[in-house]
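As structure tokens, the structure follows; a few thoughts come after it.
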Amino acid sequence: MAQPCVLLKHGELAIKGRNRNIFERQLLRNLKHAVAEVDPNARIERRSGVAVVTASGPQQPLVDRLREVIGISVVQPGYRVPKNPEQAARMVVQMLRERYGGEAAKKFAIKARRRDKAFQMSSSQLAGFIGQRVCDELNWPVDLSNPEVEVFVEVDWREIFISVEHLRGQGGLPVGSSGRALALLSGGYDSPVAAYRMMKRGLRCDFVHFTGAPFTGPSSTYKAYALVRRLNQFQGNSKLHVVPVGKAQRALATAGAGELQIVAQRRLFVRIADVLAQQLNAQALITGDSLGQVSSQTLSNMATTEQASSLPLLRPLVGWDKTEIMNEARRIGTYDISKLPDEDCCSLIMPPQVATRSTVGQLSKVEGRVGVDSLVEQVLANVQVIDLGSSEQPVATCEVDSGSEPEPAAAGARAAGIQGAGLS
Ligand code: ATP
Ligand code: MG
């Protein structure tokens, strides 16, 4: 009767008003891809405000995978039972016995809520009814203000969901719902975090990595590849564009960039990325700059760098300090990759003094001497593309039931203005 399943909450989509359907559809597509990777025969059902995934095999790998899908704020593994208070109570007791059998009595609370407001009991009546059964059968004390175990009981349109785990998901907006951007990915700590933060605002990211080839080895490319593989968990189908700029960097040095070398290189990166982005239909560039972190990231140098891009240059970490960035890198699993040693193209040519102030006029002079437009063209003739989507993506065969709540209950709920009732 009871069936294991995973309940998913959308979080921020709740406030998306009329566009909510577009966001939900995008999330469902992303969900389908992610689920298919670990359990191609799983079943996904869409309800208003929530989604329910039923595994065809072990549930844990599915739960782990679902926690990585951007746009999902809460992942609740548990059970679904028929819409009947008696069956719900029986299942709660059984679930607590299975999970805590043999342990000392725990202070507990039942948190009940209803998406179907026409259900025969109010939320507090249902919580009281189930709570009484737990007291009677397990001899556990109720403690609503400081429980050791919280049991979530949610009355949906077709069934009741029960769970004791309320796991945090990534939150944010589904990848792809805000458009597309090209992320400039070095091997450092900052840029992968920057890309992730923009994915969380709904941008699908392509990646570009600049190497000092032919004057540096492939180590930075391996790192960039490993980083994209990790970030690919959050969006799927990622592409990494590897661009050798060693000769172009030398050309800037030969043209006398001097203490402007680093900023001149940054502008070159941005120019190249700008052309590439337009080829890829991306509407913005992303970098991991953080104000004042290094000399190339002073306000003055950031302004001269930005001027070289025709697309908006997004810098989600501009107000973050290094500790915040490192913590986020640990959380998203890029830290251990970023800390590996590599031969970074930026350290290929290091002037003894790096300018903390620069003007577009100064840089235009250097760029004029070097013939920057043809330099960009030459560099772009040697781009290598690594596609992480095509070979690794299993066919998404999982079944999707996109039916929402059954009519006419849905109409009633909508009329009562409670469509978002299931969202937390
Ligand atoms: P990161 O940790 O991301 O390397 P950083 O603190 O080392 O950042 P910089 O080296 O000044 O800062 O780079 C600033 C930004 O420029 C990076 O966050 C990244 O977006 C971009 N960038 C720098 N080097 C490269 C590169 N080799 N390939 C692609 N993008 C780069
Ligand atoms: Mg760097």
Side-chain angles (χ1 to χ4, degrees), residues 181-198 205-213 215-228 230-231 239-246 248-249 260-274 276-277 282 284-302 304-306 308-309 311 313-318 320-330 332 334-351 354-356 358 379 383-384 386:
L182 179 62
L184 282 75
L185 189 76
S186 67
Y189 292 101
D190 308 332
S191 44
V193 173
Y196 168 80
R197 294 306 301 188
M198 294 321 298
C205 289
D206 285 300
F207 300 92
V208 58
H209 173 67
F210 299 101
T211 80
F215 308 118
T216 56
S219 59
S220 76
T221 303
Y222 293 149
K223 253 175 101 173
Y225 173 72
L227 287 168
V228 174
R230 175 61 205 149
L231 293 169
K239 283 199 180 74
L240 170 63
H241 302 261
V242 181
V243 185
V245 289
Q249 287 178 266
L260 296 172
Q261 176 75 24
I262 302 295
V263 188
Q265 283 173 193
R266 271 300 124 68
R267 275 171 65 92
L268 180 70
F269 291 177
V270 164
R271 273 181 208 278
I272 297 167
D274 197 56
L276 200 56
L285 304 181
I286 301 168
T287 70
D289 295 311
S290 151
L291 184 61
Q293 195 188 81
V294 287
S295 54
S296 57
Q297 293 170 25
T298 59
L299 196 53
S300 166
N301 285 342
M302 287 211 283
T304 28
T305 301
E306 186 167 286
S309 175
L311 292 173
L313 183 56
L314 307 178
R315 297 168 164 127
L317 308 185
V318 73
W320 289 39
D321 62 37
K322 202 72 189 181
T323 316
E324 290 165 326
I325 296 170
M326 300 294 221
N327 286 342
E328 184 73 339
R330 278 191 200 93
I332 65 171
T334 55
Y335 181 92
D336 285 335
I337 305 169
S338 294
K339 81 173 180 208
L340 298 170
D342 72 337
E343 254 185 303
D344 175 20
C345 72
C346 295
S347 40
L348 185 64
I349 303 166
M350 260 298 180
V354 178
T356 51
S358 58
V379 167
V383 179
Q384 188 200 346
I386 305 174

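Values reported hereafter were calculated over all heavy atoms of this structure, with side chains retained and with hydrogens, waters and symmetry mates removed. When a ligand or atom number is given, it counts from 1 through the structure's own listing order.
Atoms of ligand 1 lying under 4.0 Å from at least one heavy atom of V208, given by number and element, are 29 (C). Residue L184 has at least one heavy-atom neighbour below 4.0 Å for each of these atoms of ligand 1: 19 (C), 20 (O), 29 (C), 30 (N). The atoms of ligand 1 that sit less than 4.0 Å from any heavy atom of G188 are 1 (P), 2 (O), 4 (O). In summary, the atoms of ligand 1 found under 4.0 Å from a heavy atom of G288, numbered by their order in the structure, are 17 (C), 18 (O), 20 (O). Within ligand 1, counting atoms from 1 as listed, the ones closer than 4.0 Å to a heavy atom of V294 are 11 (O). The distance from ligand 1 to the heavy atoms of C345 drops below 4.0 Å at these ligand atoms: 27 (N). Applying the 4.0 Å criterion to heavy atoms of C346 picks out, from ligand 1, the atoms 24 (N).
At a threshold of 4.5 Å between non-hydrogen side-chain atoms, the residues Q293 and D190 count as touching. Counting only heavy atoms from C-beta outward, the side chains of Y189 and K339 approach each other to under 4.5 Å.
Applying the salt bridge (charged side-chain N to carboxylate O under 4.0 Å, His left out) test to R315 and every residue at least two apart in sequence or in another chain returns D289, E306. Residues forming a side-chain hydrogen bond (donor to acceptor under 3.5 Å, both in side chains) with S358 (at least two apart in sequence, or on another chain): N301, T304.
Of the listed options H241, M302, R266, H209, R266 places a heavy atom closest to atom 10 (O) of ligand 1.
Here S296 has side-chain heavy atoms under 4.0 Å from ligand 1, and that is the only part of it that gets that close.
Aromatic ring orientation, F269 versus F210: parallel (interplanar angle below 30°, classes split at 30° and 60°).
Looking at ligand 1, you won't find any N or O of F269 less than 3.5 Å from one of its N or O atoms. Considering backbone and side-chain N/O atoms, D190 comes within less than 3.5 Å of an N/O atom of ligand 1.
Using a 3.5 Å distance cut-off with no hydrogens or angles, the side chains of R266 and S296 do pair a donor with an acceptor. In this structure, a donor-acceptor pair under 3.5 Å is absent between the side chains of T298 and T356.
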Exercise for the section: Show your reasoning for whether side chain to side chain donor-acceptor pair (under 3.5 Å) applies to S186 and S191. Expected result: CA-CA 6 Å; S186 67; S191 44; 3.1 Å; yes
